[in-house]
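First comes the structure, then the notes that go with it.
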There are 2 protein chains.
Amino acid sequence: MGKPTKVTNSIRALRFAHGEMTQAELAKHVGVTRQTIIAIEQGRYSPSLEMAFQIARVFKVPLDDVFQYPDAED
Amino acid sequence: MGKPTKVTNSIRALRFAHGEMTQAELAKHVGVTRQTIIAIEQGRYSPSLEMAFQIARVFKVPLDDVFQYPDAED
DNA sequence: CACTGAAGTATAGAAAACTTGACATGACGT
DNA sequence: ACGTCATGTCAAGTTTTCTATACTTCAGTG
C-alpha cells in the first residue's frame, strides 16, 4: 500500500489557471505519464525533487508555490 | 547504479555554516541514514521532495537555497 | 443515442531512492 | 604508535516512485 504523503500541492489550481491545461498536457510538458500526474495531484505520493522543479517551471512559479510542506507529524 | 542527477545542492556549505554540523548529525535531524546524506551531497541521486523540505527546514532556508535546478538538457 | 475527451481506477513490473552493515582512509589528539 | 572521529565506499536488500496497459465514468456535442 502506498503511504499517503505529507506534502500537499496546488497543481490542479495551477492547471486551471493556465488555460485549462489538462493532466495529459502537463504530463507531456513535464515528461512523465498521465498516471504520475494523477497520483501526485491526489497526494498518493510525493514526486522526486527533479519532477517538482519541472512542474514549477511549467507554471513559471517558485517551487513553494506548487508544493507545501506542513509543520510536521505523521 | 544510480544515475547522476541534474539537481545540485549546497548542503556541504550549509553544514559548515551551521556550526560545522557533521553528516551524521544532519542525517539524524532529517531522519535518514548517513549514507543517504553522503549520496545526496555528492549528487549521486536527488532526494524525495519530502526530504528536500526537511533539509531546508534544518538549515532554516528556502528550498531553492539548498537545491538548484539547471536550465535543462539531458 | 453514439462519440469523444478528460479524469479516475487497477495491476504488474521497472527504476530510483533509501537502509543496513561492514570496511577503508586521512586528520587529530594523547 | 594508538584510538577516535568524520568522511567515503561497496554490496545486498527494502520501499517508494514511476511506467505501461487496460478498463470505467462522466460531461459535452452532433
Side-chain angles (χ1 to χ4, degrees), chain A residues 1-59 63-70 72-74, chain B residues 1-59 63-70 72-74:
Chain A
M1 318 296 169
K3 91 159 151 202
T5 179
K6 291 150 205 155
V7 179
T8 62
N9 70 81
S10 315
I11 295 179
R12 184 171 286 267
L14 285 163
R15 269 177 41 228
F16 280 82
H18 275 247
E20 308 282 328
M21 177 182 275
T22 67
Q23 293 175 332
E25 283 174 325
L26 177 56
K28 188 175 264 179
H29 276 107
V30 172
V32 297
T33 60
R34 195 168 60 86
Q35 281 77 353
T36 302
I37 297 295
I38 291 173
I40 288 169
E41 215 174 276
Q42 293 178 347
R44 286 204 268 138
Y45 49 72
S46 60
S48 67
L49 187 55
E50 269 185 64
M51 209 179 141
F53 270 119
Q54 284 169 17
I55 292 174
R57 185 160 293 183
V58 167
F59 293 131
L63 218 159
D64 308 273
D65 224 19
V66 185
F67 299 96
Q68 298 85 37
Y69 191 66
E73 237 28 50
D74 184 44
Chain B
M1 306 230 197
K3 94 156 140 200
T5 179
K6 291 151 206 153
V7 179
T8 62
N9 68 83
S10 313
I11 295 179
R12 185 171 286 268
L14 286 162
R15 270 178 38 229
F16 280 82
H18 275 248
E20 308 282 329
M21 175 182 277
T22 67
Q23 292 175 333
E25 283 173 325
L26 176 56
K28 188 175 262 178
H29 277 107
V30 173
V32 297
T33 60
R34 195 168 60 83
Q35 280 78 351
T36 301
I37 297 294
I38 291 173
I40 288 169
E41 215 173 276
Q42 294 177 346
R44 279 217 289 261
Y45 49 74
S46 59
S48 67
L49 187 55
E50 268 184 65
M51 210 180 137
F53 270 118
Q54 284 170 18
I55 292 174
R57 184 161 291 181
V58 167
F59 292 130
L63 219 159
D64 307 274
D65 224 18
V66 184
F67 298 96
Q68 298 84 37
Y69 190 66
E73 236 69 38
D74 188 32

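So you know, we letter chains A, B, ... as the sequences are listed, proteins then strands, and number each from 1.
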D/dT17 OP1/OP2 closer than 4.0 Å to side-chain N/O of A/Ser46: yes
Straight-line distance of A/Met51 CE to A/Ile40 CD1, nearest 0.5 Å: 3.0 Å
Flag side-chain contact, heavy atom, 4.5 Å: B/Lys28 against B/Arg34: no
Minimum side-chain heavy-atom gap B/Leu14-B/Asn9 below 4.5 Å: no
Protein-nucleotide distance (A/Asn9, atom CG; D/dT17, atom C1'), rounded to Å: 15 Å
A/Tyr45 side chain, from C-beta outward: closest of C/dC18, D/dC18, D/dG8: D/dC18
Sugar-phosphate only, base, or nothing, as touched by A/Thr36 at under 4.0 Å among non-hydrogen atoms: base
Distance below 4.0 Å between B/Thr33 side-chain N/O and C/dT19 OP1 or OP2: yes
Protein-nucleotide distance (A/Ile40, atom CD1; C/dG8, atom P), rounded to Å: 14 Å
Closest listed nucleotide, where the reference is the side chain of B/Val32 and the choices are D/dT9, C/dG8, C/dT19: C/dT19
Test log, rule side-chain contact (heavy atoms from CB on, under 4.5 Å), inputs A/Leu49 and B/Thr5: CA-CA 10 Å; A/Leu49 187 55; B/Thr5 179; over 6 Å; no
Between C1' of C/dA7 and CZ of A/Arg12, the distance in whole Å: 7 Å
D/dT9 OP1/OP2 closer than 4.0 Å to side-chain N/O of B/Arg44: yes
Whole angstrom value for the distance that separates C1' of C/dA7 from CD of A/Gln42: 9 Å
Value in whole Å for how far the C1' atom of D/dT17 lies from CZ of A/Phe67: 13 Å
Nearest-Å distance for atom pair CD/P, residues A/Glu20 and C/dA7: 9 Å
Proximal nucleotide (of D/dG8, D/dA6, D/dA22) relative to the B/Thr22 side chain: D/dA6
Length of the line joining A/Gln35:CD and C/dA12:C1', which is rounded to integer Å: 13 Å
side-chain N/O A/Ser48 vs D/dC18 OP1/OP2, d < 4.0 Å: yes
Spacing of A/Arg34 atom CZ relative to D/dT21 atom P, expressed in whole Å: 13 Å
Working for side-chain contact (heavy atoms from CB on, under 4.5 Å), residues A/Ser10 and A/Gln68: CA-CA 8 Å; A/Ser10 315; A/Gln68 298 85 37; 3.1 Å; yes
